[in-house]
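FYI, side chains are in, hydrogens and waters are out, and symmetry mates aren't considered; it's all heavy atoms of this structure. Quick note: residue numbers are just sequence positions, from 1.
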Amino acid sequence: MLKIAKLIFNPIQENTYILWDESGECIVVDAGNISAREDNRLVDFIVEQGLKPVMAVNTHGHFDHLVGVEHLRRTFDVPFAMSGKDAFLLDAAPASAKMFGIGDIAAPAKIDIDLDGQEELHFGSTTLKVIPTPGHTPGHISLYNEEMGVVLTGDTLFRESIGRTDLPGGDYSWIMRSILDKLIVLGDEVKVYPGHGEETTIGHETLYNPFIVEVINKEVNF
């Protein structure tokens, strides 16, 4: 059975997720740990749970979601998986961090596993469907486990909000199409684990997310 733990890291309060199953293998999604204290907190959790990391996976390439990837790679010798469509954001990550007042960061130099075009990710006995959800970034993906009815949406869909589309590579029409065509159709009961903020469900968002409601009600033609 899939288990999910959330650790909140860095000044932007980014959600880092550890996913594991009965095999003991785990992946870390959107490693945002930025300081020695946060590095230790992530490693301590993995060690205390007796887990074996096999991959660092990113929903997209913004710095607050990948600043901890290099530490994971060095500590556990794991590959880094992300869509190649977001590769341009790796070079921009240090400058973006400074723009947000974060200071110097170590961004991954390259992607080891390109998720662009990949339909699934596997670890242990777990399968995650890789769903392209562009809009916040061109290569943004969401990760869906049908068995447990959970989806990690990164910065595409939040509780009663959506991701920014005013950053390089962002597009409002893309993100709305991703949400309506790729995420809403997963079903009302599916639990949403977003890149920032609290968990929600697809059903809650179709009722209370103003960005979705205004499109469904044809108040906005995106």
* Provide the closest heavy-atom pair for Gly124 versus Ser23 in the form atom of the first, atom of the second, distance. => CA-OG, 3.2 Å
* For residues Asn10 and Asp64, is any side-chain donor paired with an opposing acceptor at under 3.5 Å? -> no
* To do: Count the heavy atoms belonging to other residues, nucleotides or ligands that lie under 6.0 Å from CG of Asp77, then report whether that count exceeds 12.
  => no
* Audit row: Val69, Asn58, side-chain contact (heavy atoms from CB on, under 4.5 Å) steps and yes/no -> CA-CA 9 Å; Val69 167; Asn58 265 63; 3.6 Å; yes
* **Distance, nearest 0.5 Å, that separates CD1 of Ile179 from CZ of Phe211** => 9.0 Å
* Nearest heavy-atom pair of Ile12 and Phe63: which atoms, and what distance? -> CD1-CZ, 3.4 Å
* Could you check whether the rings of His136 and His140 sit parallel, tilted or perpendicular, using 30° and 60° as the cut-offs? => perpendicular
* When you check the side-chain N and O atoms of Glu14 and His62, is any donor under 3.5 Å from an acceptor? -> no
* What is the minimum heavy-atom distance between Asp116 and Asp114, and which atoms define it? -> N-OD1, 2.9 Å
* Polar side chain donor-acceptor pair, Thr133 to Ser142, under 3.5 angstrom -> yes
* Asked: Could you give the distance from CG (Leu157) to CG (Leu183), rounded to the nearest 0.5 Å?
  -> 6.0 Å
* Polar contact flag, side-chain donor to acceptor under 3.5 angstrom, Thr200-Glu198 -> no
* Is Leu42 reachable from Phe76 through a run of I, L, V, M, F, W or Y residues, each pair having side-chain heavy atoms under 4.5 Å apart? -> yes
* Under 4.0 Å between a Lys/Arg side-chain N and an Asp/Glu carboxylate O for Asp112 and Arg73? -> yes
* Structure fact -> Only residue of Leu19, Ile27, Asn145 satisfying side chain to side chain contact (heavy atoms under 4.5 Å, CB included) with Thr126 is Asn145
* Asp21 side chain to Ser125 side chain, donor-acceptor N/O pair below 3.5 angstrom -> yes
* Asked: Hey, mind stepping through Ile34 and Ile102 against side-chain contact (heavy atoms from CB on, under 4.5 Å) and telling me if it holds?
  -> CA-CA 9 Å; Ile34 198 171; Ile102 303 300; 3.1 Å; yes
* Validation row: Leu143, Ile131 side chains within 4.5 angstrom (heavy atoms) -> no
* Glu146, CD: over 12 other non-hydrogen atoms inside 6.0 angstrom -> no
* Is there a side-chain contact between Trp20 and Glu25 (heavy atoms, below 4.5 Å)? -> no
* Do you reckon Tyr172 sits in the same ILVMFWY cluster as Phe158, going by side-chain contacts under 4.5 Å, direct or chained? -> no
* Is Met1 linked to Leu128 within one hydrophobic cluster, defined over Ile, Leu, Val, Met, Phe, Trp and Tyr using a side-chain heavy-atom separation of less than 4.5 Å? -> yes
* Asked: In terms of hydrophobic clusters joined by side-chain contacts under 4.5 Å, are Tyr193 and Met148 together?
  -> yes
* Residues, nucleotides or ligands: over 12 heavy atoms within 6.0 Å of Glu219 CD -> yes
* Asked: Does the pair Lys6/Glu199 count as a salt bridge with the N-to-O cut at 4.0 Å?
  -> yes
* Structure fact -> Taken to the nearest 0.5 Å, the spacing of Leu115 CG from Ile141 CD1 works out to 4.5 Å
* Structure fact -> Between Asp104 and Lys98 the two heavy atoms that sit nearest each other are OD1-CE, 2.8 Å
* With the side chain counted from C-beta on, respond yes when Arg41 and Phe9 share a heavy-atom pair under 4.5 Å apart, and no when they do not. => yes
* Find the distance between CZ (Arg159) and OH (Tyr208) and round it off to the nearest 0.5 Å. => 10.0 Å
* Where Ala56 and Val78 come nearest, the two heavy atoms and their spacing -> N-CG2, 4.1 Å
* **Any side-chain heavy-atom pair of Leu121 and Met55 under 4.5 Å** => yes
* Rounded to the nearest 0.5 Å, what's the gap from CE on Met176 to OG1 on Thr165? Could you check? => 10.0 Å
* Is the shortest heavy-atom distance from the side chain of Val43 to the side chain of Thr75 under 4.5 Å? -> yes
* Cluster question for you: counting only ILVMFWY and a side-chain heavy-atom cut-off of under 4.5 Å, with indirect links fine, are Leu152 and Phe45 together? -> no
* Asked: Just wondering, do His65 and His196 contact through their side chains at under 4.5 Å, heavy atoms?
  -> yes
* Asked: Heavy atoms, side chains only, cut-off 4.5 Å: are Ile184 and Ile212 in contact?
  -> yes
* To do: Any chance you could measure Ile175, atom CD1, to Ile162, atom CD1, to the nearest 0.5 Å?
  => 5.0 Å
* Asked: Do the non-hydrogen side-chain atoms of Asp30 and Asn15 ever get within less than 4.5 Å of each other?
  -> no
* **Residue pair Thr16 / Asn33: nearest heavy atoms and the distance that separates them** => OG1-N, 4.4 Å
